[in-house]
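Here the structure is laid out as structure tokens; the discussion comes afterwards.
FYI, side chains are in, hydrogens and waters are out, and symmetry mates aren't considered; it's all heavy atoms of this structure. Along the sequence shown, the residues carry numbers beginning at 1. What you see is a predicted model, and the numbers here were worked out from it, not measured in a lab.
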Amino acid sequence: MSGRSIENIRKDAWLFSGCSEIAEMQQRLNIDTNELLLHSLHPKYYAFTLRKPTGGFREIETPIAPLKELQRKLSYYLQAWYYEHQTASSYGYIISPKKKKSLKNIVGNARLHLGNPYMMQIDFDDFFHQVGIKDVYEIFKSTIFCFSEKASCTLAKVCTHNDRLPMGAPTSPVLSNIYVIGLDRKIEEWAASKSVVFSRFVDDLTFSSKERPFNENDYNEILELTNGFHLLLNKKKTKISGPGDPKVVTGLALNETIDIPAEFYENLNKDLNRLKNVFEATLLIGPFEENSLLKKYKQEIQGEINFIGMVEGFHSPQFKEYTKKYRQSFEANEEFYSMRWTHFGYL
């Protein structure tokens, strides 16, 4: 459903928000009513943890394939609605219409603060998990949609796990965006009163100014606003910087231009080396058949290289260099790797 025109996005948003009962929703989502109800009663997830780059672990809960497919469909309609009601400060997970270049992405978010020497960066603490099933129910039951109580309850159950938004569900980003519409607007008003620039990329809040330094009082005023929405901030990750301090916004370095930090390239080089080793090991096992681990690793690295293209340009030297390095990871001679076992004297 991606890559649709603005007209179709608006039409889909109107049709979905106009649904009332589960039967109408089932037709819109192209799913059997019993299946929809079953997913709401017994939503199944795979849970695991990933180590954070900054230390500690992040809990990931990914839905089983049928539930994820349902959530993808639902996510599209919710994003279509949000596209028409998005706040000026929101920059993350916003649908991009066909033939319209979106400026609301990670690069656009960083560009907003380029050239501003004063900055304050604040993070929500475990953002998705703070949005509970009651909050999600209230979104669906509110006047922005026409859903009945039963339909709202069903959708809330489909989109939550352990009574809150799960990290790993396709619907979590857009529902979190919808949940903080009111908060975005309050912080926008605060920023305008202070003559500072404000943007939010999912759980990252960035404030910047050409002339006005930030202080502890500014943080406390933002804290008061977020407390009104029952959202906790991670004070340990709050950063206030001034002229001469390095500035990184959602992973992008702000210099005279927006740049990818050197650390990103260092890690990508390590990933490419690991990819080559995994590929060689796969050949040694032979006969060659691309396994799921190799496929997943390739997809992750392709995503990192596409990120270079998005930031630096798809015709940039950096993008071309790493595209070439990626291809070179698979230029091994399959016959050589299968035969070199015979080089050992004990065979």
Flag, side chain of N269 to backbone of E266, donor-acceptor distance under 3.5 Å: no
Spacing of I240 atom CD1 and M120 atom CE [to the nearest 0.5 Å]: 6.0 Å
For R212 against V196, the heavy-atom pair lying closest together: CD-CG1, 3.9 Å
Side-chain (S172) to main-chain (P166) donor-acceptor, under 3.5 angstrom: yes
Stepwise salt bridge (charged side-chain N to carboxylate O under 4.0 Å, His left out) test for E188 and R200: CA-CA 10 Å; E188 286 169 3; R200 179 183 61 82; over 6 Å; no
Side chain to side chain, Q318 and Y265, heavy atoms closer than 4.5 Å: yes
Y76-D12 side chain donor-acceptor pair, cut-off 3.5 Å: yes
Under 3.5 Å donor-acceptor, N215 side chain and D218 backbone: yes
Residue E321 excluded, over 12 heavy atoms near CD under 6.0 Å: yes
S90 and Y82 side chains, donor-acceptor separation under 3.5 Å: yes
Ring pair (Phe, Tyr, Trp, His ring centres under 6.0 Å) between F198 and W190, worked out: CA-CA 9 Å; F198 161 62; W190 179 90; 8.4 Å; no
Euclidean distance, D204 CG relative to T250 OG1, rounded to 0.5 Å: 6.5 Å
F16 vs L74, side-chain contact (heavy atoms from CB on, under 4.5 Å): CA-CA, chis, key distance, verdict: CA-CA 9 Å; F16 181 72; L74 183 55; 3.4 Å; yes
Test log, rule side-chain contact (heavy atoms from CB on, under 4.5 Å), inputs M119 and V249: CA-CA 10 Å; M119 184 173 291; V249 176; 3.8 Å; yes
Residue pairs, two or more places apart or on separate chains, that pass salt bridge (charged side-chain N to carboxylate O under 4.0 Å, His left out) and touch residues 120-130: D123-K237
Verdict with supporting geometry, L165 and Y179, side-chain contact (heavy atoms from CB on, under 4.5 Å): CA-CA 11 Å; L165 290 183; Y179 178 69; over 6 Å; no
Heavy-atom check, side chain of T171 versus side chain of Y77, under 4.5 Å: no
Under 3.5 Å: donor-acceptor pair, side chain of N116, backbone of Y118: no
Test of ring centre spacing under 6.0 Å for F201 and Y91: no
Check: Q71 side chain, V158 main-chain N or O, donor-acceptor pair, under 3.5 Å: yes
From CA spacing to verdict: side-chain contact (heavy atoms from CB on, under 4.5 Å), E300, D271: CA-CA 9 Å; E300 290 177 357; D271 287 340; over 6 Å; no
Contact check, side chains of I301 and Y326, non-hydrogen atoms, under 4.5 Å: yes
Pi-cation contact, Y322 with K325 (under 6.0 Å, within 45°): yes
Donor-acceptor under 3.5 Å (K73 side chain, L29 main chain): yes
Point-to-point distance, once rounded to the nearest 0.5 Å, from CG of L112 to NZ of K104: 9.5 Å
Check: S75 side chain, R72 main-chain N or O, donor-acceptor pair, under 3.5 Å: no
Shortest non-hydrogen contact from K210 toward P117: O-CG, 3.4 Å
Rounded distance [0.5 Å steps], CE in M310 versus OG in S316: 12.5 Å
Residue pair N217 / E221, side-chain donor-acceptor N/O under 3.5 Å: yes
Any V174 side-chain heavy atom under 4.5 Å of W81 side chain: no
Check: E69 side chain, P66 main-chain N or O, donor-acceptor pair, under 3.5 Å: no
For G313 against F319, the heavy-atom pair lying closest together: O-CB, 3.6 Å
Trace of the salt bridge (charged side-chain N to carboxylate O under 4.0 Å, His left out) decision for R164 with E61: CA-CA 11 Å; R164 75 279 194 278; E61 301 151 312; 3.1 Å; yes
Contact check, side chains of F140 and T154, non-hydrogen atoms, under 4.5 Å: no
Gap between atom CD of Q302 and atom OG1 of T323 - 0.5 Å precision: 9.5 Å
M167 CE to H161 NE2 distance, which is reported to the nearest 0.5 Å: 13.5 Å
Heavy-atom closest pair, residues P97 and I6: CB-CG1, 3.5 Å
4.5 Å side-chain heavy-atom contact, T62 and K68: yes
Check: N177 and Y93 side chains under 4.5 Å, non-hydrogen atoms: yes
Non-hydrogen atoms of F127 and V202 that approach each other most closely: CE2-O, 3.6 Å
Min side-chain heavy-atom separation L268-I308 under 4.5 Å: yes
Any donor-acceptor pair under 3.5 Å from Q130 side chain to L232 backbone: yes
Side-chain donor/acceptor of Q121 to backbone N/O of T238, under 3.5 Å: no
For S209 against S195, the heavy-atom pair lying closest together: OG-O, 4.2 Å
Enclosure of E84 CD (heavy-atom neighbours >12, cutoff 6.0 Å): yes
